[in-house]
Amino acid sequence: MHIFVHNFNRFNHSMEQVRVRFAPSPTGPLHIGGVRTALYNYLFAKKNKGTFILRIEDTDQSRYTEGAEEYIMDSLRWCGIIVDEGIREGGKFGPYRQSDKKAAFREFADTLINKGDAYYAFDTSEQLEALRRESEKAGNTFIYNFANRGKLNNSVSLKEADWKEKIERGEPYVIRYKMPHNEEIHFNDLIRGQIVVNTSTLDDKVLFKSDGMPTYHLAHIVDDHYMEISHVIRGEEWLPSLPLHLMIYRSFGWEPPLYAHLPLLLKPDGKGKLSKRDGDTMGFPVFPLFWPYGETAKGYREEGYYPDAFVNMLALLGWNPGTEQEIFSMQELIEAFSIERVGKSGSKFDPEKAKWFNHQYLQKKTNNQLSMEFREILRTHGKHEDIVDLESLIGMVKERVSFVKDIWAQTDFFFKTPETYDQEVIKKRWKEDSASLLLELKEELKKIDDFSAGSTEPVIKAWIEKKGYNTGAIMTVFRLVIVGASRGPHMFDIIGWIGKAETLNRIDRGVSIIGK
RNA sequence: GGUCCAUUCGUCUAGUGGUUAGGACGUCAGGUUUUCAUCCUGUUAACAGGGGUUCGAUUCCCCUAUGGACUACCA
């Protein structure tokens with residue numbers, strides 16, 4: 001048996017320029033697992049003063065989705081992940097879209113054939129499908145490799161004249177990698193360490209499809225090599241095919257990059273990896289941005305998440321700095337990031353914690369910033385307020401909310417006189433003398449011209465004390481007629497904001513409706 | 001079925017051959033707020049199981065279990 005030890009400690013790698021790529025396939029919106037992969041690549045690149053490349057892997061024409069490329073680029077931009085080389089940015093290693101150089105890939109497939117490391121195969125998908133089913137029925141696993149290739153319809157089993165004639169006739173074929181028999185491949189993953197696989201368990205993967213396009217396995221290797229990628233950081237779903245990739249590198253005689261396979265993001269119910277199909281079924285978005293095509297899906301941006309909060313949350317999902325710091329700016333993430341501190345096991349994520357992150361970031365915004373954002377929401381309710389007024393309002397409720405859109409639910413009563421009054425509160429707190437007390441309070445308020453809290457509060461408190469009234473009894477019913485319920489910020493702040501006329505009006509209205 | 005990977009509180013995780021196994025989110029309780037929310041304080045809860053190795057294993061090794069990925073002319 002041959003033992004192939006992939007030389008994973010290339011001496012000069014640390015000296016080389018770090019170049020990493022995020023290479024999604026434009027089959028739809030990018031889900032948060034993909035965003036996280038992009039983020040880790042970006043953090044790793046910037047930490048090492050390297051280059052972050054965006055490459056579009058669109059070798060499957062049947063799954064190509066209009067708008068997906070734009071969506072991917074827009075998502076990264078929203079997240080603050082800056083692409084150094086890519087379709088929009090250009091670069092010396094283009095084209096950055098694989099379909100733009102499909103002819104070139106064919107030459108590499110031919111190179112492998114000429115070396116004897118690949119061969120033509122004429123079996124149809126249907127034939128192979130049938131063979132697989134048959135084997136399964138017999139309790140075996142059908143593998144297209146050394147065990148079977150001699151019996152199948154390909155340039156290994158056929159006479160040269162025969163398979164050449166097939167090709168000349170124009171019979172469709174694929175090009176398969178000729179996986180050797182019984183070799184141990186030793187390789188290293190930056191996150192998982194040493195792994196050993198025997199080539200006999202691997203199959204002769206298709207490298208080049210009958211439609212003239214390479215498969216992922218061929219295309220990404222050629223591109224990674226010519227783009228001088230130093231580190232491949234990708235999802236764990238690729239780990240099983242890494243031995244194949246290393247074998248292809250060996251066949252070409254190229255030095256492979258270093259690999260790090262990231263643990264997967266799991267569905268919150270613990271059943272399988274998160275997928276694009278999970279769109280709206282999880283109770284939280286799985287996409288960064290709204291996806292407007294076909295089956296639409298909501299995004300974190302539209303849900304009101306701040307990109308830096310979203311990125312912070314995602315960064316900590318599967319990686320940690322080893323300290324107790326949890327809030328990181330992008331710059332801090334870059335400085336703190338290291339591949340070694342990426343975890344090994346998949347993680348489900350907690351929507352509650354995501355909300356908490358946004359809460360933290362929202363608290364750091366100024367009242368002015370929040371006012372501008374909230375003003376947009378107010379417009380949808382037909383309200384047009386002055387920014388200055390909104391700033392003081394925001395100041396009252398800011399720390400109660402995690403999202404700007406939640407501010408309305410906290411402040412609706414500032415903008416409209418209550419139409420209903422909480423029955424529970426009436427039952428519990430509305431006493432025989434409540435109406436008369438409120439009317440008395442109204443008379444006291446009438447005397448005050450400056451309605452700011454600093455002005456009204458001491459006067460009213462003094463009045464309550466002088467009269468010997470119960471503060472709680474008065475303030476609760478006062479709140480009831482002003483707010484309509486038992487909630488909200490300080491009463492004196494509220495009436496200061498809505499003003500004297502509205503305050504007096506609400507007392508009258510409340511007393512007349514609740515009665516007695 | 002086969003191959004590979006993984007397994008610390010409900011969740012994200014720290015950590016070590018000898019620790020009261022730490023933090024965060026959540027939960028619950030108390031305090032503050034005369035309300036609600038926030039906030040503060042406290043509480044809760046974990047090394048999957050079984051064998052080794054060892055004076056001693058959560059930590060190292062093996063097995064089992066469980067979970068996951070892959071097993072397409074998709075990436």
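Here is how names work: the chains are called A, B, and so on, in the same order as the sequence lines, proteins then strands, and each is numbered from 1.
In this structure, R234(A) forms no cation-pi arrangement with Y259(A), as its terminal cationic atom is not both closer than 6.0 Å to the ring centre and no more than 45° off the ring axis. Taking the ring centre of F105(A) as origin, the terminal cationic atom of K102(A) falls outside the region bounded by 6.0 Å and 45° from the ring axis. The cationic group of R341(A) does not satisfy the cation-pi geometry with F337(A), failing either the under 6.0 Å distance to the six-membered ring centre or the 45° limit from the ring axis. In this structure, K365(A) satisfies the cation-pi test against Y306(A), with its NZ or CZ atom closer than 6.0 Å to the six-membered ring centre and inside 45 degrees of the ring normal.
In this structure, CZ of F478(A) is placed 18 Å from P of rC36(B), rounded to the nearest angstrom. The separation between E236(A) atom CD and rU3(B) atom C1' is 14 Å, rounded to whole Å. Between F492(A) atom CZ and rU33(B) atom C1' the separation is 14 Å, expressed in whole Å. Here the C1' atom of nucleotide rC40(B) and the CZ atom of R400(A) are 16 Å apart, to the nearest Å. Following rounding to the nearest Å, E399(A) (CD) and rA37(B) (P) show an atom-to-atom distance of 14 Å. Taking atom CG on L244(A) and atom P on rA69(B), their separation rounds to 21 Å, with Å as the unit. In this structure, CD of E457(A) is placed 12 Å from P of rU33(B), rounded to the nearest angstrom. To the nearest angstrom, P of rU3(B) lies 16 Å from CD1 of I195(A).
Residues R149(A) and D204(A) are in side-chain contact: their nearest non-hydrogen atoms beyond the backbone lie under 4.5 Å apart.
Residue contacts for H261(A): at a heavy-atom cut-off of 4.0 Å it reaches no nucleic acid atom on any strand shown. R234(A) comes within contact range of no nucleotide atom at all, as no heavy-atom separation falls under 4.0 Å. Looking at heavy-atom distances under 4.0 Å, P263(A) makes no contact with the nucleic acid at all. Nucleic acid contact for L242(A): none, since no nucleic acid atom lies under 4.0 Å from a heavy atom of the residue. Across all strands shown, E352(A) has heavy atoms under 4.0 Å from sugar-phosphate atoms exclusively, and none from any base.
Spacing between rC63(B) and rC28(B) at atom C1', rounded to whole Å, works out to 41 Å. Between the C1' atoms of rG30(B) and rA69(B), the separation comes to 47 Å (whole Å). Taking the P atom of each, rC62(B) and rA24(B) are spaced 36 Å apart, rounded to whole Å. Here the separation of rC4(B) from rC12(B), taken at their C1' atoms, is 25 Å to the nearest Å. On the C1' atoms, rU38(B) is 9 Å away from rU33(B), given to the nearest whole Å. The gap from the C1' atom of rG67(B) to that of rC60(B) amounts to 24 Å, rounded to the nearest Å. Atom C1' of rU13(B) sits at a distance of 15 Å from the matching atom of rA6(B), rounded to the whole Å. The gap from the C1' atom of rU11(B) to that of rA45(B) amounts to 12 Å, rounded to the nearest Å.
At a threshold of 4.0 Å, the pair K461(A)-E465(A) does not count as salt-bridged, since none of the basic side-chain nitrogens sits closer than that to a carboxylate oxygen. Salt-bridge check for K273(A) with E236(A): failed, with every basic side-chain N at 4.0 Å or more from each acidic carboxylate O. Salt bridge absent: E444(A) and K467(A) never bring a charged side-chain N and a carboxylate O closer than 4.0 Å.
For L264(A), the listed nucleotide lying nearest its side chain is rA69(B); candidates were rU38(B), rC5(B), rA69(B).
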Exercise. Where do F403(A) and W408(A) land on the ring pair (Phe, Tyr, Trp, His ring centres under 6.0 Å) test, with the steps shown first?
Worked result: CA-CA 10 Å; F403(A) 300 97; W408(A) 172 253; over 10 Å; no

Exercise. Taking it one step at a time, do Y144(A) and N154(A) satisfy side-chain hydrogen bond (donor to acceptor under 3.5 Å, both in side chains)?
Worked result: CA-CA 11 Å; Y144(A) 203 131; N154(A) 55 51; 3.0 Å; yes

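Comparing V196(A) and K461(A) by the nucleotide of RNA chain B whose heavy atom lies nearest to each, the residue mapping closer to the 5' end is V196(A).
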Nucleotide N/O to protein N/O under 3.5 Å, stretch nucleotides 71-75 of chain B:
{"residue": "rA72(B)", "atom": "OP2", "partner": "R132(A)", "partner atom": "NE", "Å": "3.0"}
{"residue": "rC73(B)", "atom": "OP2", "partner": "R176(A)", "partner atom": "NH2", "Å": "3.4"}
{"residue": "rC73(B)", "atom": "O2", "partner": "S210(A)", "partner atom": "N", "Å": "2.7"}
{"residue": "rC73(B)", "atom": "O2", "partner": "S210(A)", "partner atom": "OG", "Å": "2.6"}
{"residue": "rC73(B)", "atom": "N3", "partner": "S210(A)", "partner atom": "OG", "Å": "2.9"}
{"residue": "rC73(B)", "atom": "N4", "partner": "D123(A)", "partner atom": "O", "Å": "3.2"}
{"residue": "rC74(B)", "atom": "OP2", "partner": "K209(A)", "partner atom": "NZ", "Å": "3.2"}
{"residue": "rC74(B)", "atom": "O2'", "partner": "D60(A)", "partner atom": "OD2", "Å": "3.0"}
{"residue": "rC74(B)", "atom": "O2'", "partner": "R63(A)", "partner atom": "NE", "Å": "3.3"}
{"residue": "rC74(B)", "atom": "O2'", "partner": "R63(A)", "partner atom": "NH2", "Å": "3.2"}
{"residue": "rC74(B)", "atom": "O2", "partner": "R63(A)", "partner atom": "NH2", "Å": "3.2"}
{"residue": "rA75(B)", "atom": "OP1", "partner": "T59(A)", "partner atom": "OG1", "Å": "2.8"}
{"residue": "rA75(B)", "atom": "OP1", "partner": "K209(A)", "partner atom": "NZ", "Å": "2.7"}
{"residue": "rA75(B)", "atom": "OP2", "partner": "Y216(A)", "partner atom": "N", "Å": "3.3"}
{"residue": "rA75(B)", "atom": "O3'", "partner": "E57(A)", "partner atom": "OE1", "Å": "3.1"}

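In this structure, rU54(B) makes no Watson-Crick or G-U wobble pair, since no nucleotide meets both defining distances under 3.5 angstrom. Applying the Watson-Crick and G-U wobble criteria (two distances, each under 3.5 Å), rU59(B) pairs with nothing in any strand. Under the Watson-Crick and G-U wobble criteria, each requiring two contacts below 3.5 Å, nucleotide rA48(B) is paired to rU64(B). Pairing for rC36(B) is absent, with no Watson-Crick or G-U wobble pair whose two atom distances lie under 3.5 Å. The base-pairing partner of rA29(B), taking Watson-Crick or G-U wobble contacts with both distances under 3.5 Å, is rU41(B). Of the nucleotides present, none pairs with rA75(B) by Watson-Crick or G-U wobble criteria with both distances under 3.5 Å. The nucleotide rC70(B) finds its pairing partner in rG2(B), both defining distances of the Watson-Crick or G-U wobble pair being shorter than 3.5 Å. Base pairing annotation: rU20(B) forms no Watson-Crick or G-U wobble pair, as no partner gives both donor-acceptor distances under 3.5 Å.
The phosphate of rA14(B) (OP1 or OP2) has a side-chain N or O of N320(A) nearer than 4.0 angstrom. Between R487(A) and the phosphate of rU38(B), there is no side-chain N or O to OP1/OP2 separation shorter than 4.0 Å.
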Seminar exercise, completed: Nucleotide by nucleotide, nucleotides 7-12 of chain B touches protein heavy atoms under 4.0 Å in the pattern (B base, S sugar-phosphate only, - none) S--BSS

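Put simply, OG on S25(A) and NE2 on H220(A) are 13.5 Å apart, with the number rounded to the nearest 0.5 Å.
Defined by atom type and a distance below 3.5 Å, a donor-acceptor pair is missing between the side-chain atoms of K428(A) and T476(A).
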